[in-house]
Amino acid sequence: MTVTVNGVEVTDADMEVELPFHEEAGNPVDEAMITLVLKRVLLDEAARLGISGGSDEAVIDALLEREVQVPEADETTCRRYYDSNPDRFTVGELVEADHILFQVTPGVSLDALRERAQAALNTVLADASCFGDIAKTLSNCPSGALGGNLGQLGRGDTVPEFERIVFGLKEGEVLSRLLETRFGLHVVRVRRHVAGRLRDYGDVRDDIAAVLAAASRDTAWRQYASYLAGQADIHGYELEGADSPLLQ
């Protein structure tokens, strides 16, 4: 079905140009279409207001800067963000962790894999001294040769779902359940946990203000684009939202 925005057709050629920018999206075609529709809506509004000159992106930027008021983060909001997110402003925090990985691979029976992983966890919980031997025998990670030892890990060194759990464990603690990540199932132990140091608020205040301002700007821009899309004459496509890389 042909898609038109304010009487202008979104062509196959337009899609061919836009689609490569959305290859990592869950639905690349849909994300590309949303971007193209919003771009047309914003360019039409810029033309109506007499904003022109430069590339399409420059025209859209000029429109948003002129028409959208973005509130600045006040001191109370910045302080609240700092107090609510201590992990973001802690430096030097480290853990030394061991793990036994049961990797999910094509054709593997997930039920059987989970049974093997749970059996290993039960054994470790009963006697943690056997952790290294089990890692050498069963782990699908190269660290298995080292008894599962991953060495020292800082924030950002591992995938988020692993980091969240491991940095919450105490020294010597074995996680009492299997940890599931994109790589598979893990039996996890923390050997050592260095707490790190919380940076002073004054040292990070400007960074916090910039982060909050960017978040407010993106929200305001999406709301503005959604409003314009609601007023536009769009046929052949139902635009459910304005969450597009065009506005991020």
Side-chain angles (χ1 to χ4, degrees), residues 1-78 80-82 84-85 88-89 155-157 159-161 163 182 199 203-248:
M1 179 181 292
T2 300
V3 176
T4 62
V5 182
N6 295 332
V8 178
E9 180 181 350
V10 177
T11 67
D12 291 341
D14 294 331
M15 283 295 291
E16 289 178 6
V17 172
E18 185 64 34
L19 198 55
F21 297 105
H22 305 274
E23 291 178 347
E24 302 299 321
N27 189 330
V29 173
D30 200 47
E31 289 295 321
M33 181 59 74
I34 290 173
T35 299
L36 289 170
V37 169
L38 291 180
K39 184 176 181 179
R40 182 73 266 157
V41 166
L42 290 165
L43 288 173
D44 286 350
E45 181 65 8
R48 188 184 72 83
L49 296 174
I51 300 173
S52 61
S55 65
D56 288 348
E57 289 71 21
V59 170
I60 290 173
D61 286 344
L63 169 69
L64 294 172
E65 290 294 335
R66 170 175 154 178
E67 295 299 309
V68 182
Q69 298 297 317
V70 180
E72 293 186 5
D74 59 22
E75 194 67 20
T76 299
T77 303
C78 290
R80 185 184 303 116
Y81 185 87
Y82 174 81
S84 300
N85 298 277
R88 293 177 179 267
F89 309 110
R155 293 278 183 180
D157 287 345
V159 294
E161 61 268 31
E163 176 181 300
R182 67 197 67 179
R199 297 180 66 187
D203 293 338
V204 297
R205 195 273 176 202
D206 289 346
D207 293 337
I208 293 173
V211 168
L212 295 179
S216 295
R217 180 200 65 210
D218 291 345
T219 297
W221 285 3
R222 283 194 293 270
Q223 290 173 342
Y224 180 65
S226 293
Y227 167 76
L228 292 180
Q231 307 301 309
D233 183 21
I234 301 172
H235 293 281
Y237 185 79
E238 185 175 350
L239 188 67
E240 296 182 356
D243 189 11
S244 162
L246 179 67
L247 299 173
Q248 295 176 359

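Summarising the local packing, CD of E75 is surrounded by more than 12 heavy atoms from other residues, nucleotides or ligands at distances under 6.0 Å. The local environment of CG in D12 is sparse, with at most 12 non-hydrogen atoms from other residues, nucleotides or ligands closer than 6.0 Å. The local environment of CD in Q231 is crowded, with over 12 non-hydrogen atoms from other residues, nucleotides or ligands closer than 6.0 Å.
Listed for the E163 side chain is a donor-acceptor partner under 3.5 Å among the backbone atoms of G156. A donor-acceptor pair under 3.5 Å is formed between the side chain of T11 and the backbone N or O of D14.
Contact of the E45 side chain with the Y224 side chain is registered, since non-hydrogen atoms from C-beta on lie closer than 4.5 Å. Residues R182 and P160 meet the side-chain proximity criterion, which asks for heavy atoms closer than 4.5 Å. In this structure, Y81 and V211 have side chains that are in contact, with non-hydrogen atoms separated by less than 4.5 Å.
Evaluated for a side-chain contact (heavy atoms from CB on, under 4.5 Å) with H235, the options T4, N6, V5 yield exactly one hit, T4. Applying the side-chain contact (heavy atoms from CB on, under 4.5 Å) test between P20 and each of E23, E16, H22 identifies E23 as the sole match.
Note that CD1 of I60 and CG of L42 are 5.0 Å apart. Values are rounded to the nearest 0.5 Å. To the nearest 0.5 Å, atoms CG (L43) and CG (L228) are separated by 11.0 Å. Remark: L19 CG to M33 CE distance equals 10.0 Å, nearest 0.5 Å. Atoms CZ and CD1, on F89 and I208 in that order, are 3.5 Å from each other to the nearest 0.5 Å.
Salt-bridge annotation for D44 and R40: present, with a side-chain N of the basic residue lying under 4.0 Å from a carboxylate O of the acidic one.
The minimum heavy-atom distance between V41 and A229, with the atom names listed, is CG1-N, 3.9 Å. Across every non-hydrogen atom of R205 and D74, the tightest pair is NH2-C, 4.1 Å. Nearest heavy-atom pair, P71 versus S216, reported as atom, atom and distance to 0.1 Å: O-CB, 4.0 Å. When every heavy atom of V68 is checked against every heavy atom of A220, the shortest pair comes out as CG1-CB, 3.5 Å. Of all heavy-atom pairs spanning G54 and V59, the tightest one is O-CG2, 4.4 Å. Residues A73 and C78 come closest through the heavy atom pair CB-SG, 3.9 Å.
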**OP:** Any chance you could lay out the side-chain contact (heavy atoms from CB on, under 4.5 Å) test for R222 and T219, step after step, and finish with the verdict?
**Re:** CA-CA 5 Å; R222 283 194 293 270; T219 297; 3.8 Å; yes

Original post:
Does the side chain to side chain donor-acceptor pair (under 3.5 Å) test come out yes or no for Y82 and D207, once each step is laid out?
Top reply: CA-CA 10 Å; Y82 174 81; D207 293 337; over 6 Å; no

Subject >> side-chain contact (heavy atoms from CB on, under 4.5 Å) evaluation trace for L49 with E67 >> reply: CA-CA 10 Å; L49 296 174; E67 295 299 309; 3.7 Å; yes

**OP:** Report the C-alpha distance between E65 and W221 in whole Å, list the side-chain angles of each, state the deciding distance to 0.1 Å, and finish with yes or no for side-chain contact (heavy atoms from CB on, under 4.5 Å).
**Re:** CA-CA 9 Å; E65 290 294 335; W221 285 3; 3.9 Å; yes

**OP:** List the steps and the verdict of side-chain contact (heavy atoms from CB on, under 4.5 Å) for V10 and Y237.
**Re:** CA-CA 10 Å; V10 177; Y237 185 79; over 6 Å; no

